[in-house]
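This report concerns only the one structure given below.
Chain letters run A, B, ... following the sequence lines, proteins first, then strands; residues in each count from 1.
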Amino acid sequence: MLQVNNIRDHKEQYIQALAKRNFEAKAVFEEVLELDETRRNTQTRLDDILAESNRLSKEIGKMFKNGEHQKANLIKEKTGKLKEDSKELSEKLSSTIQELEQLLYTIPNVPHESVPAGVSEEDNEEIFKEGEIPVLEKTALPHWELAKKYDIIDFELGNKITGAGFPVYKGKGARLQRALITYFLDKATEAGYTEFQVPLMINEASGFGTGQLPDKEGQMYHMAEDNLYMIPTAEVPITNMFRDNLLTEKDFPISCTGYTPCFRREAGSYGAHVRGLNRLHQFDKVELVRIEKPSDSYAALDKMVEHVKELLRDLKLPYRILRLCGGDLGFTSALTYDFEVFSTAQDRWLEISSVSNFETFQANRLKLRYKNKEGKKDLVHTLNGSALALPRVLAGILENYQDEKGIKIPEVLVPYTGFDRID
RNA sequence: GGAGAGGUGGCAGAGUGGUAAUGCAGCAGCCUGCUAAGCUGUCAUCCUUUUGGAUGCCCGGGUUCGAAUCCCGGUCUCUCCGCCA
């Protein structure tokens with residue numbers, strides 16, 4: 001959520017930046033500023049009335065003490081009128097504030113200056129590419145067929161238990177999955193991130209804090225009876241650990257990692273592109289979250305990008321990095337880098353990580369602040385990134401490491417799997 | 001699921017109808033020559049920004065001239081019992 005003061009101070013700059021995500025901000029900003037003006041006027045008027053009313057109350061108190069009951073009763077009549085006025089004004093004030101907030105909820109984050117304009121993923125900017133794309137035999141298979149051939153993932157079994165998009169990993173498939181999780185967590189820990197195990201369900205306040213609510217409600221599984229949501233990513237519980245906090249300089253840097261399953265309804269996405277592991281309702285992910293002082297946040301973002309690069313280098317998977325264009329940028333993000341692994345047998349790129357700086361957009365909703373050197377309170381910057389999302393990494397490994405007789409395990413994983421081939 | 005207790009500033013913790021003590025931490029300054037102590041100020045939010053004013057004691061209602069305090073509803077936490085991995 002943007003701050004009204006910033007909208008006022010940087011109006012033209014924000015309008016231009018938001019145009020990069022094809023968000024027409026001019027009219028909304030006008031309305032925001034107008035409502036804010038009304039809010040302040042109303043408050044001033046209300047304050048005056050309440051001040052008068054408080055003053056009279058004090059007098060009445062004194063009069064009763066002095067036994068001047070008649071005089072007191074006279075003044076009481078006055079307070080009745082004041083009360084009516086104040087009620088009216090305070091209703092106006094709260095409805096104005098509500099209206100203002102509703103409006104602010106609809107405004108996405110202001111893109112960073114480096115974000116290219118654009119309307120769709122086709123306008124994303126490729127900024128880095130690394131790794132050899134292997135030349136596969138004609139007999140090479142897509143991962144869902146490999147999974148069946150070597151009996152390591154059972155999609156039908158998941159259908160039976162739950163439904164489409166809930167695969168069952170089996171034998172060496174399950175072990176490889178666990179190896180990846182442990183490997184990613186170890187790498188994050190080595191890089192200084194503190195590991196957490198967090199709840200997989202969140203309440204409404206948490207959903208609001210990181211921005212899944214109110215606009216992405218339909219993407220989460222909701223348990224109506226308890227009003228809880230299944231987490232779509234560990235970002236939500238991890239970042240919300242810090243909700244309503246007032247940090248001090250000493251608390252930084254804050255860097256957290258955690259493995260969780262993630263649950264997404266993915267309503268409306270079906271078809272060939274979602275086959276196999278490409279898109280699931282439940283998948284595993286290791287997430288990184290950082291809470292930074294504003295001055296340090298972009299350096300932190302770079303560090304996260306380097307971290308993810310290293311993982312992919314270690315796994316020897318061909319990948320590229322995209323700087324998301326305005327049209328593809330998430331609602332809450334100021335700058336996002338997507339990592340994509342090349343799925344050789346499908347001949348397409350698969351997103352396996354998304355690393356973002358939210359600047360103060362989430363912190364404002366989270367009421368997550370720190371006391372700076374001058375003792376003033378300031379919103380922090382929040383960041384997060386996947387390191388990494390498992391299913392597509394697995395798909396990449398299966399497809400890129402296949403030969404006619406099986407699948408080779410990337411060297412760095414062998415200590416974790418205890419085997420070097422699936423066949 | 002049943003019973004009870006509780007929710008006050010960054011933290012700790014008073015306050016049972018007259019308008020939020022105190023301590024610690026933080027920040028600014030003063031002082032003292034030693035890793036520190038002492039003193040003073042500041043130290044919830046908003047409006048005005050100069051005096052000042054309002055709001056704020058988990059959330060929402062109510063009673064009252066006046067509510068942290070009394071009443072109703074909700075919510076969360078803790079303790080005990082029950083159930084249970």
Protein-to-nucleotide contact annotation, 5' to 3' order, nucleotides 52-76 of chain B [B base; S sugar-phosphate only; - none; under 4.0 Å, heavy atom]: -BSS---------BS----------
Qualifying residues under side-chain hydrogen bond (donor to acceptor under 3.5 Å, both in side chains), relative to A:Lys87, sequence neighbours excluded: none
Which residues share a salt bridge (Lys or Arg N to Asp or Glu O under 4.0 Å) with A:Arg323, sequence neighbours left out: A:Glu125
If pairing requires Watson-Crick or G-U wobble contacts with both distances under 3.5 Å, which nucleotide is the partner of [N]?
N: B:G60; result: B:C72
N: B:C24; result: B:G10
N: B:A3; result: B:U79

Starting at atom [atom1] of [X], determine the distance to atom [atom2] of [N], rounded to an integer number of angstrom.
X: A:Leu89; N: B:C47; atom1: CG; atom2: P; value: 17 Å
X: A:Leu247; N: B:C11; atom1: CG; atom2: P; value: 12 Å
X: A:Arg369; N: B:G9; atom1: CZ; atom2: P; value: 13 Å
X: A:Lys371; N: B:C43; atom1: NZ; atom2: P; value: 11 Å
X: A:Arg243; N: B:G10; atom1: CZ; atom2: C1'; value: 18 Å
X: A:Asp251; N: B:G10; atom1: CG; atom2: C1'; value: 10 Å
X: A:Asn372; N: B:C27; atom1: CG; atom2: C1'; value: 10 Å

Separation between the [atom1] atoms of [N] and [M], rounded to whole Å:
N: B:A54; M: B:G10; atom1: C1'; result: 24 Å
N: B:A20; M: B:G56; atom1: C1'; result: 10 Å
N: B:G13; M: B:G18; atom1: P; result: 24 Å
N: B:U19; M: B:G23; atom1: C1'; result: 24 Å
N: B:A68; M: B:G17; atom1: P; result: 13 Å
N: B:G66; M: B:U75; atom1: P; result: 29 Å
N: B:G62; M: B:U69; atom1: P; result: 14 Å
N: B:C72; M: B:U77; atom1: P; result: 23 Å

Would you check if the side chain of A:Asn22 reaches a backbone N or O of A:Gly118 as a donor-acceptor pair within less than 3.5 Å? yes
Which of these passes side-chain hydrogen bond (donor to acceptor under 3.5 Å, both in side chains) with A:Ser297: A:Asn357, A:Thr360, A:Thr382? A:Asn357
Indicate, with a heavy-atom threshold strictly under 4.0 Å, whether A:Lys367 touches base, sugar-phosphate, or nothing. nothing
Could you label the plane-to-plane angle of the A:His222 and A:Tyr229 rings as parallel, tilted or perpendicular, counting under 30° as parallel and over 60° as perpendicular? parallel
RNA chain B nearest-nucleotide lookup for A:Lys250 and A:Lys377: closer to the 5′ end is A:Lys250
Could you go step by step and tell me if A:Thr189 and A:Asp186 meet the side chain to side chain donor-acceptor pair (under 3.5 Å) rule? CA-CA 5 Å; A:Thr189 307; A:Asp186 282 358; 5.3 Å; no
Is the NZ or CZ atom of A:Lys216 both under 6.0 Å from the centre of the six-membered ring of A:Phe331 and within 45° of that ring's axis? no
Would you say the ring centroid of A:Phe128 lies under 6.0 angstrom from that of A:Tyr337? no
Phosphate oxygens OP1/OP2 of B:C46: is one of them under 4.0 Å from a side-chain N or O of A:Arg40? no
